[in-house]
Amino acid sequence: AQRVTQPEKLLSVFKGAPVELKCNYSYSGSPELFWYVQYSRQRLQLLLRHISRESIKGFTADLNKGETSFHLKKPFAQEEDSAMYYCALRGTSGSRLTFGEGTQLTVNP
Amino acid sequence: NAGVMQNPRHLVRRRGQEARLRCSPMKGHSHVYWYRQLPEEGLKFMVYLQKENIIDESGMPKERFSAEFPKEGPSILRIQQVVRGDSAAYFCASSPLLQENTGELFFGEGSRLTVL
């Protein structure tokens, strides 16, 4: 079974402050991890995937297999980062994505 | 490319009626996924289809729910004899062929079902 846990439903920070959105997963094999984002009135879209090891809009996420975590981080939050963020896991190539419950991030001015 | 198109965007049904939700994947995509989002909850996987084939329906309720993706036309999620608990947002997503599949899903805007 595969499971994704995002312990924080709501997260509020001030502009310029660091932000970390937590994601833990449960899967017996080697998963692929993703972060998806939904801005207000927009579709859910891919933010980044762990395989790419990329930084998108200043966000990074490192897969920690020992802690089974894939936390999303940004050193200096911006107001336009306010959105709903979902962590997702794919167990094997071609299979479904399992999403976490999501974290609503609000960046205050 | 218009992206994943879902219709209707909003659907109101009375208890006992049928709901049909449609999803046209992005051009060139052969895989369709349906997810349900209940109020105050996250996205729950329902079913994953290729054209004329159900790949994984492990998230589908055993009764009243069915999905298809015919050779021609959109994918359809059908809910028979709806109950109030079916009220939710239903999201469709698509992805390309397996060998081109990076794991990225392209989502529609969702269909919001309200059962009175």
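Naming: A, B, ... by sequence-line order, numbering from 1 per chain.
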Just wondering, are more than 12 heavy atoms of other shown residues or ligands nearer than 6.0 Å to [atom1] in [X]?
X       : atom1 : answer
B/Arg64 : CZ    : yes
A/Glu80 : CD    : yes
B/Gln81 : CD    : no
B/Lys51 : NZ    : yes

To the nearest 0.5 Å, tell me how far [X] [atom1] sits from [Y] [atom2].
X       : Y        : atom1 : atom2 : result
A/Arg41 : B/Glu109 : CZ    : CD    : 12.5 Å
A/Gln45 : B/Phe106 : CD    : CZ    : 10.5 Å
A/Gln2  : B/Phe45  : CD    : CZ    : 9.5 Å
B/Lys44 : A/Thr98  : NZ    : OG1   : 9.5 Å

Cluster link [X] to [Y], ILVMFWY, side chain under 4.5 Å:
X       : Y       : result
A/Val37 : A/Phe59 : yes
A/Tyr39 : A/Leu72 : yes
B/Phe69 : B/Met5  : no

Can any side-chain N or O of A/Arg43 pair as donor or acceptor with the backbone N or O of B/Val4 at less than 3.5 Å?
->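 Yes, the answer is positive, given that a donor and an acceptor are paired below the 3.5 Å cut-off.
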Given a strict heavy-atom distance threshold of 4.5 Å, which part of B/Tyr35 is in contact with chain A: side chain, backbone, both, or neither?
-> side chain
Do B/Leu43 and A/Leu44 come close enough that some side-chain heavy atom pair is under 4.5 Å?
-> yes
Find out whether B/Leu105 and A/Tyr36 are in side-chain contact, i.e. whether some heavy atom of one side chain is under 4.5 Å from a heavy atom of the other.
->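 They are in side-chain contact.
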side-chain contact (heavy atoms from CB on, under 4.5 Å) between B/His31 and A/Arg96, intermediate numbers included = CA-CA 10 Å; B/His31 297 190; A/Arg96 69 182 192 273; over 6 Å; no
